[in-house]
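Here the structure comes first, spelled out in structure tokens, and everything after it is commentary.
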Amino acid sequence: MKVAQFLLALLVMTAFIAAFVVGARRLLGLRIGTVRSLLAGLVSFAGLAVFSLLMQRPEQHGVLTGVQFGCTLVVTTGFLAVLEVLAPSGTVGWPLDWVRAVRSRIARTRRYSQIASIVMRHGLRPYLTGRPHRGRGGATLARPLRLALEQGGATFVKLGQVLSTRQDLLPPEFVRELGRLHHQVPPEPWPAVCESLGRELGVPVEEAFARFDRVPIAAASIAQVHTARTHSGQEVVVKVRRPGIEELVRRDLEIIRRLAKALERRTRWARTIGARELAEGFAESVHEELDFRVEAANLAAAAGARARRASVIRVPAVHTELSGERVLVLERLSGGPVGTAPKLLGMTHEERMRFARELLAEMFEQLMTDGLFHADPHPGNVLLLDDGGVGLVDFGSVCRIDAGVRSGLRAFLLALHAGDAAALCDALLIIVTRPDEVDEQQLERALGRFLSRHFAVGGTPNVEVFGDLFRLVSRHGLAVPPEVAAVFRALGTLEGTLMAVVPGFSLVDEARRLVDDRLSRRGVASAISSGAHPVSLAELASVWELIRRMPRRLERVTSALEQGRLGVGVRLFANARDRQYIRSLVHEVLLTFIAATGGVMSAVLLSIRGGPVVVPGIPFFQLLGYHLLVVAGALGLRVLFLISRGSSD
């Protein structure tokens, strides 16, 4: 009988403690794990026991039960609130995770000290604390920044290379200096590479390949490339990720994220360029580059697109049975990079122009049709094949652009071709991230001045005009998406490659010729020019996008009109974030008002002497004041927790 009573009492106590934990969690709006629930349960049990002992007289137990339970709930809620502020959920794991976190923090601290010494050595510390030296301009700062990034290692070199593509954010002197970043690294020792290959392939290297050259033909910061022959007799290249590189890159990326967050808090220039967003985009691209399966998928997509278009440009085929996350086995294209190919020296000017135009046409097809654009067409990634054809390699870095952006880019290029400032303004507002308010008239005038300066009759524009253009639109409060900036950086790289093939090659002029040829083949140019009122190509592109969407919109309007459901509504808070902000603000204000009112009323009730007595020593008004004080305390805790959580976010 006593055992049954004990079990019943234990069950009731457990139910009460679980109710306190759930109530505290719901009061704070938290989702907590098992460990925090157990800790909160222990606090609830201790609070319930303490408040029970504080009640001296048995006759008071029944009357003050609500106060006892309420105080226990307040204590449990306060414990969870303090714990969440000091150590938010998800930041504290199991003891094994603590050991790993400590080891990672030690390694990160050691890396921090290395980076700090590099920063101090090049005099960059004032610029990271928001107190730059007066009189030191960008021209004198660009070179120390480039040297510091070079000494920082592979990840920081890649960061500098990405920053050199953002002509819309950085001054020209920084873009030029960071564009000189190169990172030559010695190859990994063969035993480490052999072990990594065997682990990834599942068999020894000698069994997977008929021949494997141990000396790499290229070595970069993340991977190195070897030549080999398969058992079927095919010549291949094997791209191997450096052993242990993922841990180093992960640590450096975490440092870059933390540094970007700190810089946005301390410096105005970091907030201007969006340092945190840049860091996150960079980290995502580096993670993709670490996984060779992403490059294999990019190559498969590129090969499929070229097959549909019957393109003459070749890309290497992937040997999927030998490839994985750390190893990529590709067909070896017979030829060499255009920068070092001996065959290029024997080509005539006409043959070089044919080569350059084929490459330019391919890149524009990728940009305007495929939506998968090679982001780094430098001379080492463009091959001059032995048969005179063109090959493209290294699809680890690509730009993916959706149909809407491709449509905007087409209209953008047509507007440049036609010299139409109004159409150029419309196209830019499709491409870029548009703020809530933009002065389109001022933007159009600025674009008109830009066109007259760079595209005047007799002028020879080059790809640098894109950098000037995006610096112009950034001054008007427009943000260039990373994928669009990467496209124009790739065009700049492409022009350098084409000029290595044909000195003096003008990408902009050849792109104009390419547009004219395609429109002439389709008969569009003559149809436009023969009209009584000539229409620009850019205007035609903009009108076509409008016409394409018009039938569906008209059908909706006429259907609603026919059924009598047509109406016009204006929403005061159309943005969901605005509605959520107003809702949370009103909620917090109401909670604060109720908690303050409850606290004042409880103080008034507790100060009243006399009145009806519920039990000896406890008047009715004081009993009501005690309960109201508990309610006010619980609501006040929630308000304080919401305020502290909002400030931390």
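Side-chain atoms of Gln224 come within 3.5 Å of backbone N or O of Glu188 as a donor-acceptor pair. Judged purely by atom type and a 3.5 angstrom limit, Glu510 has no side-chain atom pairing as donor or acceptor with the backbone of Arg357. With hydrogens and angles disregarded, a donor-acceptor distance shorter than 3.5 Å links the side chain of His374 to the backbone of Val393. Side chain of Asp370 to backbone of Ala305: no donor-acceptor contact under 3.5 angstrom is found. Checked by atom type and distance alone, the side chain of His226 never pairs as donor or acceptor with a backbone atom of Val238 at under 3.5 Å.
Remark: Arg354 engages Glu358 in a salt bridge, criterion side-chain N to carboxylate O under 4.0 Å. A salt bridge links Glu235 with Arg211; the closest basic N to acidic carboxylate O contact falls under 4.0 Å.
Nearest heavy atoms, Gly335 versus Asp386: CA-OD1, 3.6 Å. The nearest pair of heavy atoms linking Glu351 to Thr348 is OE1-N, 3.0 Å. Scanning all heavy atoms of the two residues, the minimum distance from Pro377 to Thr497 falls at O-OG1, 2.6 Å. Of all the heavy atoms in Pro316 and Leu299, the pair that sits closest is O-CD2, 3.9 Å. Here the shortest heavy-atom pairing between Leu360 and Phe505 reads CD2-CZ, 4.3 Å. Between Phe174 and Ala142, the shortest heavy-atom contact is CE2-CA, 3.9 Å.
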*With side chain to side chain contact (heavy atoms under 4.5 Å, CB included) as the test, would you mind laying out the steps for Phe292 and Leu330 before giving the verdict?*
CA-CA 11 Å; Phe292 291 161; Leu330 303 171; over 6 Å; no
*Determine, step by step, whether Glu362 and Val390 satisfy the side chain to side chain contact (heavy atoms under 4.5 Å, CB included) criterion, reporting the C-alpha distance in whole Å, the side-chain angles of both residues, the deciding distance to 0.1 Å, and the verdict.*
CA-CA 10 Å; Glu362 169 64 24; Val390 187; over 6 Å; no
_Applying side chain to side chain contact (heavy atoms under 4.5 Å, CB included) to Glu331 and Gln234, what does each step give before you reach the verdict?_
CA-CA 8 Å; Glu331 170 194 7; Gln234 292 181 319; over 6 Å; no
*Could you give me the CA-CA distance, side-chain angles and deciding distance for Gln366 and Leu372, then say whether side chain to side chain contact (heavy atoms under 4.5 Å, CB included) is met?*
CA-CA 6 Å; Gln366 292 180 20; Leu372 187 72; over 6 Å; no
_Stepwise salt bridge (charged side-chain N to carboxylate O under 4.0 Å, His left out) check, Arg250 with Glu247_ = CA-CA 5 Å; Arg250 185 195 62 78; Glu247 178 61 27; 2.6 Å; yes
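Side-chain contact check for Met363 versus Leu392: some heavy-atom pair is nearer than 4.5 Å. Taking 4.5 Å as the limit, every side-chain heavy atom of Arg449 sits out of range of all side-chain heavy atoms of Leu472. At a threshold of 4.5 Å between non-hydrogen side-chain atoms, the residues Arg242 and Leu248 do not count as touching. Side-chain contact check for Arg306 versus Arg314: every heavy-atom pair is 4.5 Å or farther apart. Looking only at side-chain heavy atoms (C-beta outward), Lys239 and Asp394 come within less than 4.5 Å of each other. Counting heavy atoms from C-beta on, the side chains of Val382 and Phe355 come closer than 4.5 Å. With a 4.5 Å cut-off on side-chain heavy atoms, Leu498 and Val501 do not count as touching. With contacts defined as side-chain heavy-atom distances shorter than 4.5 Å, the pair Arg241/Ser196 does not qualify.
For the atom pair Leu494 CG and Leu367 CG, the distance stands at 10.5 Å (nearest 0.5 Å). Rounded to the nearest 0.5 Å, atoms CZ (Arg406) and OG1 (Thr369) are 7.5 Å apart. Atom CG of Leu359 sits about 11.0 Å away from atom CG of Leu384, to the nearest 0.5 Å. Distance CD1/Ile401 to CZ/Phe373: 7.5 Å, rounded to 0.5 Å. We find the CD-CG distance between Glu444 and Leu424 to be 9.5 Å, quoted to the nearest 0.5 Å. Rounded to the nearest 0.5 Å, atoms CG (Leu451) and CG (Leu447) are 6.5 Å apart.
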